[in-house]
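First up is the structure itself, then whatever we jot down about it.
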Amino acid sequence: MKVLLYNELNPSTIPGFSKLQQYLEEDNFRSAEVKKIGENLYRAKLNQRDRLLFSIYRYQEENYALILELIKNHAYQDSRFLRQVSSIDEDKIPVISKLEEPTGKQLVYLNPHHNSFNLLDKIISFDDRQQSIYDLHPPLIVIGSAGSGKTALTLEKMKQAIGDVLYVTQSAYLVKNSRDLYYAHHYDNPDQQIDFLSFQEFLESVRVPEGKPVTFQAFQQWFGRYRQGPLKDAHKLFEEFRGVITGPATDKSWLSREDYLNLGVKESIFLAEERELVYDMFEKYLAFLQKEHFYDSNIVSHQYLQYIQPRYDFVVVDEVQDLTNIQLYLIIKSLHETQNFILCGDSNQIVHPNFFSWSKVKSLFYRQNDLQTSDELIRILNTNYRNSPQVTDIANKILKIKNQRFGSIDKESHYLVESNGHNQGEVLFLQDTTSVRKELDSKTRTSTLFAIIVMTADQKPAAQQYFSTPLVFTIQEAKGLEYENIILYNFLSQEESRYREISKGVTLADLDQDIKYARAKDKTDKSLEVYKFYINALYVALTRAVKNLYWIESNPKQPLLDLLGLRNAQESLQLASQNSSLDAWRLEAHKLELQGKQEQAERIRNEILKQKTPGWQVITGSALAELKQKAIEKGDKNARMTLLEYGLVYEDQSIIDSLQKAGFKAAQHPEKSLQLLQQKHYSAYSFKKPDAVLRQVDQYGPDFRNIFNQTPLMVAAWMGNTEVIKALIELGADTEKVDDNGLTPFQIALAQTVRNESYAKKKLADIYEQLEPTSMSIQVDGRLIKLDQHTMEFFMLNLMIAMSYRVMTKKRFYRPAGFSSQDFIDAVQHIPYSILPERRKQRAYLSSILSKNEINKDDKYNRKLFYRVMRGIYVFNPYLALKVEGEWINIYDLLAIDKPVLQ
């Protein structure tokens, strides 16, 4: 077999590597003393102390040993890849003499010219073009089509950065996804401090703006009340405000009326005679923002130029085409050295007329004194590894038509895509008939692998009338998504005049020519900006299809379709029924919710999963106050029992004390009552198999609340039921919701760990990673700080929150309420090594984290989490706020504990 080395390993530092490599290449596993120690994980013996960890993969009928890690001194517990392996006793594992054929997982692509590989969540082998870009130094702009691997390449480039690093993009979902890819397999780089932020979070990291960011949905509702004259398209107006009036300028918050009216014909979506009315609406828009407490991120970006300070050594901006000039300018201003950046994106995926072009990006950098050679910044990736060749072929024809009709936007935006897709698919052109619609609907309505895309929101009702699937998207909603099969429904027919104009003057012979760089012939022709949205929208819609495209048009006789080779629409098709499990639909709903697609997620829950609202009353807020009155003041026995149960669940000693004083007998023996409580309300969580809990989830969804305002995941964490937790996480249960103590499921597990030694030793290791959120957003001194899960500050703050309602209540009676190093030492002593290494359990280390993060401490990485009330005693910073379900809440209000007065 062939041997490939993980790119972060240096063979010269691995003792005996050459000899071991020879053994593996000869398939001599006996001499290499190979033993299997995990799922596709093998170890080979280098010498008496050191081992080499590798996996076996196949590519083009050949086996490859992929060397992952050097394990020194038998320290398997420190391995990145063996976290889930509880212990390894080498003496009990037999040596493998040879591999059983065929073996190994299949690789989609492997560059035969490279002897190394990269690694994110999966094995990555760069093609020659990708590798050449990987070897370059910043500054760098990477342009690539959907599926070209630009995000993976960029994340790997990030690993080379040293110091404070920022990854920023517009989409919060992409941020989380990229962050998870980066830290997959417990990747750690001690030379970096990385912030993964959406642009919204980046703004908040400078200073949290007052109010909420204006969304298109909020704008659309406002616009509906003020719509007048020829201004009927909300999207068009919204993008004019963002892309023309507020976005491009870096020296002012917005263009004056005079500046706007004097813009050239190529600088606005609107005709000159419409602009007075547009600016009238813009002034009303400014008043609307102020009145409704919204803010425009472009306007805030300009205002924040006065506050931004250089704080990053390296910046990556992903999907840069979704940002405006002023937003990008603000990001670059956060760099210590303005050349240390990578930008990546694809201007062909713009589905808003925002006037983005790579030439404008370059011109922005010409104003930076130390960036004089912008032409050398650009590198293009044009190989597509995602879409089938059939889909890519149609997409390329779209790009050719765009280039022939409108010329090139800039030199960087006129490339075709080369398909390296390994899945063959098909493009079916269909007549919009009753039989076709019925056939598609009946065979795809219960499948998560089919989605329907229409051009605008106005077309949705028609699509939803004929197709029952919840997966119906406008082109704006579809951006960033991908499905195995896409149904385009009347994409052209509803905008026929515009697409006829787009194809005007383009011939089939033109499409046989190579794409060429050329400016538009008529400089006064506004067609480019007016129609760019429509041609880009079609390109984006097509490329959402990974494998198959089903294109339905009510009017199939259109010039654009002729140019694409789609002349004869079929009036029937034969399609096998496609059905997805309810679990697959639950995951789809969760994914769409994370991406902000609430409408489709709700339709899945209502129409496919048929989830309903529980019939019981949840005890929280006013319901709790009413229960207390009924139990304590009126002496209602049933109310007293329910209140006692609530007090036991939340360890609320004041409730238990009040019931004891009222003479309620069950309150005199809380431990016995707790056992009865668990039998009565939580019996489903006591079984190893999750079936009983999942039956409730089927009815109410993964995040329903029981009478004590707990989600199933909170109860499972409280009970320490590993199998239930895993099942709930797989179904997309939300790890960040809080109970009435203000605790997340993760913090509940930490609280149980502190309380119960057996829980810490037997359960925590199996559930920790399932429950741990990737990050925690806090607000200190009016700005956002994102604590990543791999930092000790993240762990300490979560542990302190988990202990707060015990420690703070207990200590105030005999010494100042607060946390000491000893509290943390006691809390972590039984936490497994795989979660917290011994060095992080030492008093000196724990004390250093507390001290470094005191609110008055002078330290570059001070998060200002703690306030020292006296020597060795700490409480939360009184001004610390957490972002809970999208809202900022002061930590003392969240936990309902007394706030200290600063001395």
Side-chain angles (χ1 to χ4, degrees), residues 193 651 653-654 741-744 746-757 759-761 764 768 776 778-781 785 787-833 835-882 890-903:
Q193 292 276 345
E651 299 187 41
Q653 193 60 45
S654 65
N741 272 342
L743 303 188
T744 63
F746 176 62
Q747 292 158 356
I748 291 169
L750 290 178
Q752 293 295 77
T753 297
V754 175
R755 182 171 174 267
N756 189 324
E757 180 180 333
Y759 188 105
K761 290 182 175 180
L764 189 64
Y768 188 90
M776 189 177 192
I778 66 172
Q779 184 183 153
V780 176
D781 293 343
I785 297 174
L787 299 178
D788 196 272
Q789 65 176 202
H790 73 279
T791 65
M792 193 60 183
E793 284 82 358
F794 171 91
F795 177 82
M796 292 277 278
L797 183 57
N798 276 285
L799 183 61
M800 195 164 168
I801 290 171
M803 295 191 295
S804 62
Y805 64 100
R806 293 191 187 123
V807 172
M808 298 294 280
T809 303
K810 178 181 175 184
K811 290 188 173 181
R812 66 173 53 147
F813 294 112
Y814 64 93
R815 67 179 172 87
F819 299 81
S820 65
S821 297
Q822 190 61 47
D823 289 319
F824 287 100
I825 291 170
D826 293 341
V828 303
Q829 60 179 324
H830 300 302
I831 291 179
Y833 181 93
I835 295 172
L836 202 65
E838 290 303 315
R839 64 181 178 82
R840 287 192 164 188
K841 297 180 182 180
Q842 303 305 309
R843 181 184 299 274
Y845 181 77
L846 294 169
S847 296
S848 71
I849 299 296
L850 289 167
S851 176
K852 185 179 80 170
N853 290 284
E854 288 181 30
I855 57 176
N856 296 318
K857 195 77 169 183
D858 183 16
D859 188 288
K860 179 181 179 182
Y861 295 111
N862 180 6
R863 307 306 187 194
K864 299 188 177 183
L865 304 176
F866 312 120
Y867 172 59
R868 183 162 61 90
V869 294
M870 60 180 294
R871 182 179 175 84
I873 303 297
Y874 295 86
V875 295
F876 301 108
N877 176 354
Y879 303 111
L880 178 68
L882 307 185
N890 181 276
I891 193 166
Y892 286 87
D893 295 332
L894 175 68
L895 302 177
I897 53 179
D898 294 335
K899 184 184 294 187
V901 178
L902 297 186
Q903 301 296 320

Nearest 0.5 Å, please: how far is [atom2] in [Y] from [atom1] in [X]?
X: D823; Y: Y874; atom1: CG; atom2: OH; value: 12.5 Å
X: L865; Y: I785; atom1: CG; atom2: CD1; value: 7.5 Å
X: D781; Y: N877; atom1: CG; atom2: CG; value: 7.5 Å
X: H830; Y: N756; atom1: NE2; atom2: CG; value: 10.0 Å
X: K864; Y: L880; atom1: NZ; atom2: CG; value: 12.0 Å
X: I748; Y: L743; atom1: CD1; atom2: CG; value: 5.5 Å

Next item on the list: List for me each residue that meets side chain to side chain contact (heavy atoms under 4.5 Å, CB included) alongside T744, sequence neighbours excluded, and say none if there are none.
Entry: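 For T744 the side chain to side chain contact (heavy atoms under 4.5 Å, CB included) partners, ignoring immediate neighbours, are V738, F746, Q747.
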Report the residues that fulfil salt bridge (charged side-chain N to carboxylate O under 4.0 Å, His left out) with [X], sequence neighbours left out, ordered by chain and then residue number.
X: K857; result: none
X: R868; result: E854
X: D826; result: none

Notebook entry, point to check: Quick one: are Q752 and L764 in side-chain contact, heavy atoms under 4.5 Å?
Noted result: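 Answer no - side chains too far apart.
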Margin query: Do M776 and Q789 make a side-chain contact, defined as non-hydrogen atoms from C-beta onward lying under 4.5 Å apart?
Written below: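 Result no, sub-4.5 Å side-chain heavy-atom pair not found.
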Next item on the list: Determine, step by step, whether M792 and L836 satisfy the side-chain contact (heavy atoms from CB on, under 4.5 Å) criterion, reporting the C-alpha distance in whole Å, the side-chain angles of both residues, the deciding distance to 0.1 Å, and the verdict.
Entry: CA-CA 10 Å; M792 193 60 183; L836 202 65; 4.0 Å; yes
Checklist line | F795: partners by ring pair (Phe, Tyr, Trp, His ring centres under 6.0 Å), with sequence neighbours left out | finding: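 F795 satisfies ring pair (Phe, Tyr, Trp, His ring centres under 6.0 Å) with no other residue.
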Next item on the list: Would you check, one step at a time, whether the test side-chain contact (heavy atoms from CB on, under 4.5 Å) holds for F876 with I801?
Entry: CA-CA 9 Å; F876 301 108; I801 290 171; 3.9 Å; yes
Mind listing the closest non-hydrogen atom pair of [X] and [Y] along with its distance?
X: I855; Y: Y867; answer: CD1-CD1, 3.6 Å
X: P878; Y: N890; answer: O-ND2, 2.8 Å
X: N853; Y: N862; answer: CA-OD1, 3.0 Å
X: L787; Y: R863; answer: CD2-CG, 3.9 Å
X: N741; Y: L895; answer: O-CD2, 3.5 Å
X: S847; Y: S821; answer: OG-OG, 2.6 Å

Next item on the list: Assess whether side-chain contact (heavy atoms from CB on, under 4.5 Å) is satisfied between I897 and V875, documenting all intermediate values.
Entry: CA-CA 11 Å; I897 53 179; V875 295; over 6 Å; no
Next item on the list: Keeping to residues at least two apart or across chains, list the salt bridge (Lys or Arg N to Asp or Glu O under 4.0 Å) pairs with something in residues 787-805.
Entry: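 Listed by first then second residue: R179-D788, E793-K852.
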Notebook entry, point to check: Which word best sums up how the rings of F824 and F819 line up, parallel for under 30°, tilted for 30 to 60°, or perpendicular for over 60°?
Noted result: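 F824 vs F819 ring planes: tilted.
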Next item on the list: Could you check V754 against L799 for side-chain contact (heavy atoms from CB on, under 4.5 Å), going step by step and ending with a plain yes or no?
Entry: CA-CA 9 Å; V754 175; L799 183 61; 3.9 Å; yes
